[in-house]
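Everything on this sheet refers to the single structure shown next.
Residue numbers start from 1 in every chain, and the chains themselves are labelled A, B, ... in the order their sequence lines are given, proteins ahead of strands.
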2 protein chains.
Amino acid sequence: MSKLRKQTWRFDHPIYLASTGTVVGPLESRGPLSGSFDKEYGALDCGEKNWTEAERALMRRAISFCLAKAGKKEGDMDLFLAGDLMDQTVTSNFIARENRIPFIGMFGACSTSMETLAAGAQLVDSGYADNVLCAVSSHNATAERQFRYPTEYGGPMNLTQTFTVTGAGAAIVTKEPGKVRVAEATIGRVIDWGIGDANNMGSAMAPAAADTIWTHFQDTGRKPEDYDLIVTGDLSSVGSPILKQLLFEKGLDIGKIHQDCGLMIYSPDQPVNAGGSGCACSAVVTYGYLFKRLAEGSLRRVFVVATGALLNSATPKQKDTIPCVAHGVVLESAKEEKK
Amino acid sequence: MSKLRKQTWRFDHPIYLASTGTVVGPLESRGPLSGSFDKEYGALDCGEKNWTEAERALMRRAISFCLAKAGKKEGDMDLFLAGDLMDQTVTSNFIARENRIPFIGMFGACSTSMETLAAGAQLVDSGYADNVLCAVSSHNATAERQFRYPTEYGGPMNLTQTFTVTGAGAAIVTKEPGKVRVAEATIGRVIDWGIGDANNMGSAMAPAAADTIWTHFQDTGRKPEDYDLIVTGDLSSVGSPILKQLLFEKGLDIGKIHQDCGLMIYSPDQPVNAGGSGCACSAVVTYGYLFKRLAEGSLRRVFVVATGALLNSATPKQKDTIPCVAHGVVLESAKEEKK
């Protein structure tokens with residue numbers, strides 16, 4: 001028997017987030033979720049000599065917080081599942097070199113946050129690992145120069161363009177009872193709507209998010225009211241209405257419970273155009289703000305759907321359109337409901 | 001109970017390769033393993049308009065052969081696990097866009113071949129999927145221009161340099177009885193020996209291979225004579241002696257049973273300097289030549305240790321040394337031994 005009901009895994013055992021760790025950069029520190037992160041850097045260089053090292057510092061620090069809060073050491077981890085936006089996911093590779101935990105590198109662009117969490121929960125559920133450390137990172141300066149333009153150019157941003165979140169999120173997945181359960185995961189298919197503009201990734205990714213959310217509801221037989229929130233990763237102010245419209249047209253109204261991490265992390269007056277994006281966007285919002293609310297019980301069930309644009313810097317120039325994917329994970333509060 | 005005995009998974013159920021598919025480029029077609037691949041392209045462009053499209057054609061074609069031989073369709077696959085060397089693994093992403101199979105993108109550089117196979121077998125063993133399609137690709141022209149120099153430069157190759165294999169390999173993992181079993185997997189840790197020369201990856205990767213092989217023998221309690229072959233991915237003529245020496249110094253003599261895919265795929269008179277490399281190197285040798293020999297029973301048990309150099313084109317320029325990893329999978333013949 002396959003546990004894969006179409007694309008959705010329901011874990012057999014109660015699987016928990018033992019702890020999470022989140023660090024962010026200066027702009028995120030001045031956003032509405034400030035205070036829900038473990039460390040908020042005041043400078044984009046995070047005290048390092050270059051952007052590359054700064055992004056590594058983010059992931060390293062997020063993992064340190066995560067391990068410390070769980071009272072665990074690197075050597076207690078059976079597996080390290082990580083990815084990031086750098087070519088060949090070098091941030092993760094270099095952190096794996098330091099922590100020496102058996103390493104499974106993953107790539108799903110900004111969906112890597114929930115891709116690693118889904119895979120980690122699956123490995124723990126099936127008994128292949130007792131403790132899995134999942135981590136992702138993104139850094140505005142490393143991502144912008146790689147995917148768009150050298151930031152020194154100071155080129156104007158397109159209004160549909162998102163702003164890569166500087167930050168990193170880490171989580172430990174285990175069977176040891178904790179405050180937040182990882183209940184289900186829906187693995188996404190790659191959808192390409194024919195959008196080739198790398199400055200309009202919200203529109204490109206919305207159909208992939210819609211596909212994963214639609215599939216999740218088909219697979220589970222649930223209704224939107226069974227969730228407190230459905231949170232997408234980085235659809236932004238451009239992609240979010242498209243997602244809601246696409247699902248509404250299929251008879252699924254998520255309007256009242258949908259939020260987007262890219263819109264939650266910044267306030268409307270911050271200079272981020274359409275909102276935040278990047279692996280860290282969904283990771284820090286989920287492992288910081290949402291984790292706290294689930295742990296205290298003010299949210300009971302949240303479906304986090306991390307969205308990823310699977311392009312590289314060359315593919316739009318080669319007139320390829322943008323393939324996108326979205327991986328979703330259902331997180332539930334383990335706190336007893338009040339009678 | 002964790003099935004992870006340190007780093008090695010032994011699968012509970014008999015897990016099989018239902019089928020494999022392999023395609024290679026012109027130089028590989030003239031090597032000693034010619035005839036063991038499903039398709040041998042006579043031209044490096046594989047009939048496509050550019051190198052990017054050529055690499056996609058390789059992966060597409062390898063998958064087609066694999067599905068056809070198993071008598072299965074894309075829709076029969078529960079998951080697609082794939083990766084490649086292109087920035088943001090775009091070859092895999094674009095193939096996932098075509099086949100629409102729920103997609104888990106992975107990255108382990110040239111170790112991605114065995115990383116995807118290990119993860120696929122784990123997913124099938126634990127009942128999360130019935131049929132997993134695993135695939136990797138590499139193309140000499142796409143890899144050389146990305147990691148080293150534009151090939152038009154015609155720069156001389158360093159003698160320690162390897163030659164990226166043009167090809168793709170695919171395999172379907174299932175519980176349905178077949179001729180070759182996937183018995184175990186050892187997930188590697190990232191090791192960096194301080195080598196920063198991207199033209200000497202054999203030396204850089206040898207310690208990672210040694211670590212994984214050593215761990216595998218510790219975890220399983222076996223001896224080298226329990227294996228017909230231990231095959232590394234792309235250590236080449238430079239890294240292979242280092243691997244054997246490192247293990248010999250620890251009391252493990254694999255000299256008689258060690259081979260390297262990068263040395264098997266080309267003959268000594270071909271212009272590849274230290275040997276072959278790339279995701280496709282271990283994939284086409286394993287899924288082509290070794291699969292055939294295991295299926296016919298002339299090899300009984302082979303440990304394939306795919307090696308990966310986890311750098312990108314910028315990290316050596318930033319004076320970073322090269323973190324490396326090796327993931328190993330034990331393949332066994334399912335053919336009855338003669339009495």
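- In this structure, the separation between CD on A/Gln318 and CH2 on B/Trp51 is 13.0 Å, given to the nearest 0.5 Å.
- Neither the backbone nor the side chain of B/Glu98 comes within less than 4.5 Å of any heavy atom of chain A.
- Between B/Val90 and the choices A/Asp320, A/Leu311, A/Thr315, the side-chain contact (heavy atoms from CB on, under 4.5 Å) rule is met once, by A/Thr315.
- Here B/Gln122 is the residue among B/Arg189, B/Gln146, B/Gln122 with the most heavy-atom pairs under 4.5 Å with chain A.
- Taking OG from B/Ser126 and CG from A/Leu123, the interatomic distance works out to 7.5 Å, rounded to the nearest 0.5 Å.
- Distance check, rounded to the nearest 0.5 Å: CH2 of B/Trp9 to CG of A/Asp78 gives 10.5 Å.
- Looking at B/Ser92, neither its backbone nor its side chain comes within 4.5 Å of chain A, counting heavy atoms on both sides.
- Between A/Asp192 and B/Arg100 there is no salt bridge, since no side-chain N of the basic residue sits under 4.0 Å from a carboxylate O of the acidic one.
- Neither the backbone nor the side chain of B/Leu81 comes within contact range of chain A; no heavy atom of the residue lies under 4.5 Å from a heavy atom of that chain.
- For a residue to count as touching a neighbouring chain, one of its non-hydrogen atoms must lie under 4.5 Å from one of that chain's; by this rule B/Ala109 does not touch chain A.
- Both the backbone and the side chain of B/Ile104 come within contact range of chain A, each with at least one heavy atom under 4.5 Å from a heavy atom of that chain.
- Between the CG atom of A/Asp12 and the OH atom of B/Tyr128 there is a distance of 5.5 Å, given to the nearest 0.5 Å.
- Put simply, OG1 on B/Thr112 and CZ on A/Phe107 are 12.5 Å apart, with the number rounded to the nearest 0.5 Å.
- Shown here for A/Gln7 and B/Pro102, the closest heavy-atom pair between the two residues is CG-CG, 3.4 Å.
- Side-chain atoms of B/Gln88 and A/Asp87 form a donor-acceptor pair, as typed in the model, at a separation below 3.5 Å.
- Contact detail for B/Asn93 and A/Leu310: the closest heavy-atom pair is ND2-O, 3.0 Å.
- Ranked by heavy-atom pairs under 4.5 Å with chain B, the first of A/His327, A/Glu53, A/Arg56, A/Met86 is A/Arg56.
- Contacts of A/Thr321 with chain B are made by both backbone and side-chain atoms, with heavy-atom separations under 4.5 Å.
- Across every non-hydrogen atom of B/Arg97 and A/Pro323, the tightest pair is CD-CB, 4.0 Å.
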